[in-house]
Participant: 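Can you read through this structure? Questions will come right after.
The figures here come from the full heavy-atom set of this structure, side chains too, leaving out hydrogens, waters and symmetry mates.
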Amino acid sequence: MPKYFAELKMDDKPDARHIKEPYTCITIEPTQKHTATVIWLHGLGGTGNSMLGPATVLLDATLGLEHVKFIFPTAHVMKVTGAMGHINSWQDCFSFDYETRKEDEQGFHVAASLIDDIIGREEREHSIPPHRIVIGGISQGSATALFTALTGTRPLAGVFILAGYVALRGKTKQLMSPHAPSLPIFWGHGRLDPRLKIEFSLSTAETLASDLGVSFTAHFGRLGILNIAPTFPDGEVTGSMSSTKDSLTSVDASLVEVPDVAALKQPSVHFVTYEELGHWMNEAELLDLGVWIRVLLPKDFN
């Protein structure tokens with residue numbers, strides 16, 4: 001069992017895996033007229049509040065996202081089999097062998113339905129149509145966001161994956177909605193991720209693009225540096241969450257360049273790798289994400 005969960009203990013709480021109560025959300029309101037929304041899902045054991053720190057990078061005025069509302073839901077507390085305890089989780093996690101484990105398909109569908117309710121409220125109460133909404137997250141949250149975008153009936157602006165994976169990847173073609181092949185996808189991944197190895201993630205990202213019938217592009221280091229066939233170090237890649245979580249590289253947001261705006265807007269998978277990053281986020285990745293969001297959700301639109 002991973003050390004992160006070593007202190008968790010099982011108890012007699014009811015299994016909340018399929019609770020259909022709305023998620024509690026934290027919101028950062030836009031500083032200008034609200035015309036777009038980003039819904040950001042935390043990872044296993046996290047909360048919406050735990051995403052506020054990384055999100056502040058995207059609030060830099062030079063990124064031009066003053067018109068965007070950010071919503072951070074918190075998953076329900078439920079029994080997580082692999083953690084042997086009750087923690088915040090979007091669905092059950094039966095084990096931490098991401099490559100071979102069985103997954104909680106019903107739990108993914110319930111979570112997707114609840115996130116779709118948030119999307120519906122944005123449209124109903126704030127007149128933000130689905131094509132002006134981006135969803136995404138980190139780790140388990142990114143897998144849940146991707147599943148929501150792929151299976152939902154609303155045509156979203158795009159989905160982002162940070163240190164994530166494709167849930168139920170053997171059934172993508174079977175489960176995806178008619179809107180899925182129109183999705184732009186940003187996938188950021190650390191080359192030192194010890195939980196989701198870079199080779200595995202690259203392979204699944206390529207398979208996702210193939211299943212959707214869209215283009216695939218790999219970027220080495222930053223969104224603007226292309227490397228269609230990236231190479232990785234020989235042997236096992238190791239890294240730690242703590243070494244990247246609190247050590248963000250200082251990057252001037254005004255220097256971030258977009259190589260091809262038209263390409264980012266198209267249905268595609270852009271897989272971006274970051275050399276010194278483990279199973280978390282860093283400032284370079286977040287700035288790239290901000291540029292991608294700005295392209296998909298421009299301030300001025302028809």
Side-chain angles (χ1 to χ4, degrees), residues 25-42 48-72 122 126 128-129 131-138 141-142 145 149 156-164 183-190 217 219-226 244-266 268-274 276-277 280-302:
C25 298
I26 297 173
T27 300
I28 298 178
E29 297 291 342
T31 57
Q32 297 183 8
K33 181 181 178 182
H34 179 205
T35 63
T37 296
V38 170
I39 301 171
W40 191 323
L41 309 186
H42 61 77
N49 188 66
S50 66
M51 296 294 98
L52 293 179
T56 58
V57 176
L58 277 66
L59 302 181
D60 188 305
T62 60
L63 285 176
L65 300 178
E66 299 89 344
H67 60 293
V68 178
K69 175 200 287 186
F70 288 85
I71 299 176
F72 306 93
E122 284 298 290
H126 302 286
I128 304 298
H131 70 269
R132 294 288 295 169
I133 297 176
V134 162
I135 67 173
I138 183 167
S142 68
L156 300 175
V159 59
F160 64 90
I161 303 167
L162 306 176
L183 280 169
I185 298 172
F186 174 94
W187 188 322
H189 208 90
T217 305
H219 306 253
F220 173 78
R222 294 303 301 275
L223 188 59
I225 303 176
L226 296 178
T244 57
K245 181 175 181 179
D246 301 316
S247 303
L248 300 181
T249 304
S250 178
V251 180
D252 185 349
S254 65
L255 299 180
V256 178
E257 297 181 358
V258 180
D260 189 340
V261 171
L264 295 184
K265 289 182 176 179
Q266 296 302 311
S268 58
V269 176
H270 285 271
F271 185 86
V272 194
T273 64
Y274 300 88
E276 298 300 324
L277 180 60
W280 192 243
M281 301 163 272
N282 64 15
E283 192 167 354
E285 179 183 48
L286 292 168
L287 288 173
D288 282 349
L289 174 62
V291 169
W292 179 80
I293 291 173
R294 184 184 67 199
V295 168
L296 296 185
L297 302 176
K299 190 176 302 184
D300 300 317
F301 71 102
N302 297 323

Participant: With rounding to the nearest 0.5 angstrom, report the CG to CD1 distance, Leu289 to Ile161.
Facilitator: 11.5 Å
Participant: Between Lys69 and Glu122, does any NZ, NE, NH1 or NH2 come within less than 4.0 Å of an OD or OE carboxylate oxygen?
Facilitator: yes
Participant: Could you tell me whether the side chain of Pro184 reaches within less than 4.5 Å of the side chain of Leu296, counting heavy atoms only?
Facilitator: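 Leu296 reaches Pro184 side chain to side chain.
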Participant: Got a second to check how far Leu264's CG is from Ile185's CD1, nearest 0.5 Å?
Facilitator: 13.0 Å
Participant: Would you say the side chain of Leu286 lies within less than 4.5 Å of the side chain of Leu58, judging by non-hydrogen atoms?
Facilitator: yes
Participant: Would you indicate whether Lys299, at its atom NZ, is surrounded by more than 12 heavy atoms from other residues, nucleotides or ligands within a distance under 6.0 Å?
Facilitator: yes
Participant: Are Ile26 and Leu52 side-chain neighbours, meaning at least one heavy-atom pair lies under 4.5 Å?
Facilitator: yes
Participant: If we only count heavy atoms from C-beta on, is the Trp40 to Ile71 side-chain gap below 4.5 Å?
Facilitator: no
Participant: Any chance you could measure Ile133, atom CD1, to Ile128, atom CD1, to the nearest 0.5 Å?
Facilitator: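 Interatomic distance, Ile133 CD1 to Ile128 CD1, rounded to 0.5 Å: 7.0 Å.
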Participant: What is the minimum heavy-atom distance between Leu41 and Gly141, and which atoms define it?
Facilitator: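 Closest approach of Leu41 to Gly141: CD1-O, 3.4 Å.
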Participant: Locate the shortest heavy-atom distance separating Leu183 from Gly158; write the atom from each residue and the value.
Facilitator: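 Closest approach of Leu183 to Gly158: CD2-CA, 4.1 Å.
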Participant: What heavy-atom pair brings Ala145 and Gly137 nearest, and what distance separates the two atoms?
Facilitator: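 In this case the closest contact between Ala145 and Gly137 is CB-N, 4.4 Å.
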Participant: Measure up the Phe160 and Trp292 rings against each other and bin them: parallel (under 30°), tilted (30 to 60°), perpendicular (over 60°).
Facilitator: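 Perpendicular, since the angle between the ring planes exceeds 60°.
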Participant: Answer yes or no: is there a side-chain heavy-atom contact under 4.5 Å between Ile135 and Leu156?
Facilitator: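 Ile135 vs Leu156: side chains touch.
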Participant: Is there a side-chain contact between Thr273 and His219, using heavy atoms and a 4.5 Å cut-off?
Facilitator: no
Participant: Which of these passes side chain to side chain contact (heavy atoms under 4.5 Å, CB included) with Phe72: Ile28, Thr27, Val38?
Facilitator: Ile28
Participant: Roughly how far apart are Tyr274 OH and Glu285 CD, rounded to 0.5 Å?
Facilitator: 5.0 Å
Participant: First locate atom OG1 of Thr56, then atom CE of Met51, and finally report the distance between them rounded to the nearest 0.5 Å.
Facilitator: 11.5 Å
Participant: Just checking, is any N or O donor in the side chain of Thr37 or Arg132 under 3.5 Å from an acceptor N or O on the other one?
Facilitator: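 Arg132 and Thr37 do not have a side-chain donor-acceptor pair below 3.5 Å.
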Participant: For residues Leu65 and Ile293, report the shortest heavy-atom separation together with the two atoms involved.
Facilitator: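 Leu65 and Ile293 have their closest heavy atoms at CD2-CG2, 3.9 Å.
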Participant: Looking only at heavy atoms, which two atoms of Gln266 and Ala262 are closest? And how far apart?
Facilitator: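 Looking at all heavy atoms of both residues, the closest pair is CG-O, 3.1 Å.
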Participant: Trp187 vs His189 aromatic rings, parallel, tilted or perpendicular, using cut-offs 30° and 60°?
Facilitator: tilted
Participant: Does any part of the side chain of Leu63, heavy atoms only, come nearer than 4.5 Å to the side chain of Leu287, both counted from C-beta?
Facilitator: yes
Participant: Does His34 form a ring pair (Phe, Tyr, Trp, His ring centres under 6.0 Å) with His67? I'd like the steps, not just the answer.
Facilitator: CA-CA 5 Å; His34 179 205; His67 60 293; 9.1 Å; no
Participant: Checking Leu59 against Phe70 for the side chain to side chain contact (heavy atoms under 4.5 Å, CB included) test, could you report, in this order, the C-alpha distance in whole Å, the side-chain angles of both residues, the deciding distance, and whether it holds?
Facilitator: CA-CA 10 Å; Leu59 302 181; Phe70 288 85; 3.9 Å; yes
Participant: Nearest 0.5 Å, what's the CG-CD distance between Asp60 and Glu283?
Facilitator: 8.5 Å
